[in-house]
Protein chains: 2
Amino acid sequence: MASDPAAEAWALLSQVFMANRAHFLRVGQQLDLHPMQFHALRLLEPGAAKSMRELADSLICDASNVTGIVDRLEERGLIERRAVAHDRRVKLLALTPAGEDLREQALSRMAEPPDQVRALPLEDQRALRDALQRVVAQLEETKPVGAAG
Amino acid sequence: MASDPAAEAWALLSQVFMANRAHFLRVGQQLDLHPMQFHALRLLEPGAAKSMRELADSLICDASNVTGIVDRLEERGLIERRAVAHDRRVKLLALTPAGEDLREQALSRMAEPPDQVRALPLEDQRALRDALQRVVAQLEETKPVGAAG
DNA sequence: TATTGTTATACTCTATAACTATA
DNA sequence: TATAGTTATAGAGTATAACAATA
């Protein structure tokens with residue numbers, strides 16, 4: 001019965017994670033994006049091209065997998081490989097206009113807070129936001145949970 | 001610049017989700033559990049057997065996939081298929097003692113709150129917990145985010 | 001007729017290892 | 001030598017469709 005607010009908060013977060021997984025899969029299906037394709041599109045920000053290697057690290061998978069994932073996105077015209085001048089080994093990945101559009105659709109559907117959050121009293125929404133801001137601020141500083149993102 | 005605490009809180013949650021994905025993958029690798037095997041083990045609670053169909057719904061995948069996922073867990077001796085008396089079509093899935101052990105290990109590694117949460121001032125931990133409790137309470141009531149178990 | 005679980009199929013994701021072309 | 005990206009391979013997850021057994 002020892003009170004451990006951190007552990008309790010984390011357990012609650014885990015429950016929200018799993019509801020979020022359902023939402024993620026559903027949005028991906030609506031837009032014909034397999035999970036890793038969705039992640040890749042999410043991680044490629046407009047105007048901030050990434051190399052294959054950087055994308056592999058962000059996706060947390062072996063570099064060899066990225067070839068296929070990028071192939072399929074490129075075939076759909078959502079991203080493109082670009083050469084880089086100073087190192088001819090590297091290929092930079094950039095969103096096409098179509099890719100930016102689809103990314104925006106996907107992210108906006110994910111960004112819409114579920115009704116359960118919207119239904120909270122405004123003061124609870126603010127409390128949640130403020131507490132999470134401190135968690136994320138710590139995340140940015142220390143990065144030990146994972147090298148994601 | 002219109003303030004929308006719900007949207008802001010949700011955006012912050014998304015960032016935590018992605019750090020959590022890294023952690024989930026890492027724990028799974030440590031225990032030789034592929035992601036869906038990990039999910040299946042998590043969803044099969046000790047003393048609460050589920051049918052293949054129920055597990056498929058909880059995993060949010062087609063029932064045909066569950067055959068293979070369950071096969072691999074059963075080959076490792078972590079779960080077992082059991083017949084049920086009143087309906088001979090159904091197979092109930094139950095954890096073995098080894099499965100309960102591994103599940104406990106996996107969940108306890110996931111349950112350990114990351115340093116970023118532990119590092120919060122106690123009052124922030126409590127605020128986070130209390131706000132999330134209200135989110136999850138809403139989740140239980142309405143279930144529109146996803147049918148995830 | 002409808003449902004449970006399985007099989008068959010084709011595609012996507014996954015890590016490992018070996019390869020190429022650069023550096 | 002080391003690194004970026006690719007290919008080859010084998011195993012795992014995925015949806016669809018068809019099937020046998022049972023309800």
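Reminder, nothing fancy here: chain letters follow the sequence lines and each chain counts from 1.
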Kindly list each side-chain donor-acceptor pair under 3.5 angstrom involving residues 12-19 of chain A, sequence neighbours excluded, with atom names and distances?
residue : atom : partner : partner atom : Å
A/Ser14 : OG   : A/Trp10 : O            : 3.1

Check: Using a cut-off of 4.0 Å between protein heavy atoms and nucleotide atoms, how would you tag nucleotides 18-23 of chain D 5' to 3' with B, S and -?
Finding: ---BBS
Next item on the list: List for me each residue that meets side-chain hydrogen bond (donor to acceptor under 3.5 Å, both in side chains) alongside B/Glu45, sequence neighbours excluded, and say none if there are none.
Entry: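 side-chain hydrogen bond (donor to acceptor under 3.5 Å, both in side chains) list for B/Glu45, sorted by chain: empty.
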Next item on the list: Taking side-chain hydrogen bond (donor to acceptor under 3.5 Å, both in side chains) as the test, write out the residues that go with A/Arg53, two or more places apart.
Entry: A/Asp57
Checklist line | Results of salt bridge (Lys or Arg N to Asp or Glu O under 4.0 Å) for B/Glu112 - residues two or more places apart only | finding: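 Counting only residues at least two positions away or on another chain, B/Glu112 forms a salt bridge (Lys or Arg N to Asp or Glu O under 4.0 Å) with B/Arg118.
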Checklist line | A/Asp62: partners by salt bridge (Lys or Arg N to Asp or Glu O under 4.0 Å), with sequence neighbours left out | finding: none
Notebook entry, point to check: OP1, OP2 of D/dG13 versus side-chain N and O of B/Gln37: anything below 4.0 Å?
Noted result: yes
Next item on the list: Taking only heavy atoms on the protein side, list every residue of residues 61-72 of chain A lying under 4.0 Å from any atom of DNA chain C, sorted numerically.
Entry: A/Cys61, A/Asp62, A/Ser64, A/Asn65, A/Ile69, A/Arg72
Notebook entry, point to check: In chain order, what residues pass the side chain to side chain contact (heavy atoms under 4.5 Å, CB included) check against B/Ala111, with sequence neighbours excluded?
Noted result: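 Applying side chain to side chain contact (heavy atoms under 4.5 Å, CB included) to B/Ala111 gives none.
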Length of the line joining [X]:[atom1] and [N]:[atom2], which is rounded to integer Å:
X: A/Ile79; N: D/dG5; atom1: CD1; atom2: C1'; value: 14 Å
X: B/His39; N: D/dA12; atom1: NE2; atom2: C1'; value: 14 Å
X: A/Asp32; N: D/dT16; atom1: CG; atom2: P; value: 11 Å
X: A/Leu92; N: D/dA4; atom1: CG; atom2: P; value: 12 Å
X: B/Leu25; N: D/dA12; atom1: CG; atom2: C1'; value: 14 Å
X: B/His34; N: D/dA10; atom1: NE2; atom2: P; value: 16 Å

Item checked: Side-chain donor-acceptor pair present, B/Ser58, B/Lys50, cut-off under 3.5 Å -> yes
Note to self: What's the separation between atom CG in B/Leu93 and atom CG in B/Leu78, rounded to the nearest 0.5 Å?
What the structure shows: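 Here the interatomic distance stands at 12.5 Å.
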Item checked: Along DNA chain C, first and last positions that approach a heavy atom of chain A under 4.0 Å ->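 Nucleotide range with atoms under 4.0 Å of chain A: C/dT12 to C/dA23.
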Checklist line | Residues clustered with A/Leu122, ILVMFWY side-chain links under 4.5 angstrom | finding: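 Joined to A/Leu122, directly or through intermediates: none.
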Notebook entry, point to check: Apart from A/Val90 itself, what residues make up its hydrophobic cluster, given side-chain heavy atom links below 4.5 Å?
Noted result: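 Besides A/Val90, the hydrophobic cluster comprises A/Val84, A/Leu92, listed by chain and residue number.
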Check: What residue pairs, at least two apart or across chains, pass ring-ring contact (aromatic ring centres under 6.0 Å, His included) with a residue in residues 36-76 of chain A?
Finding: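 Found A/Phe24-A/Phe38, A/Phe24-A/His39.
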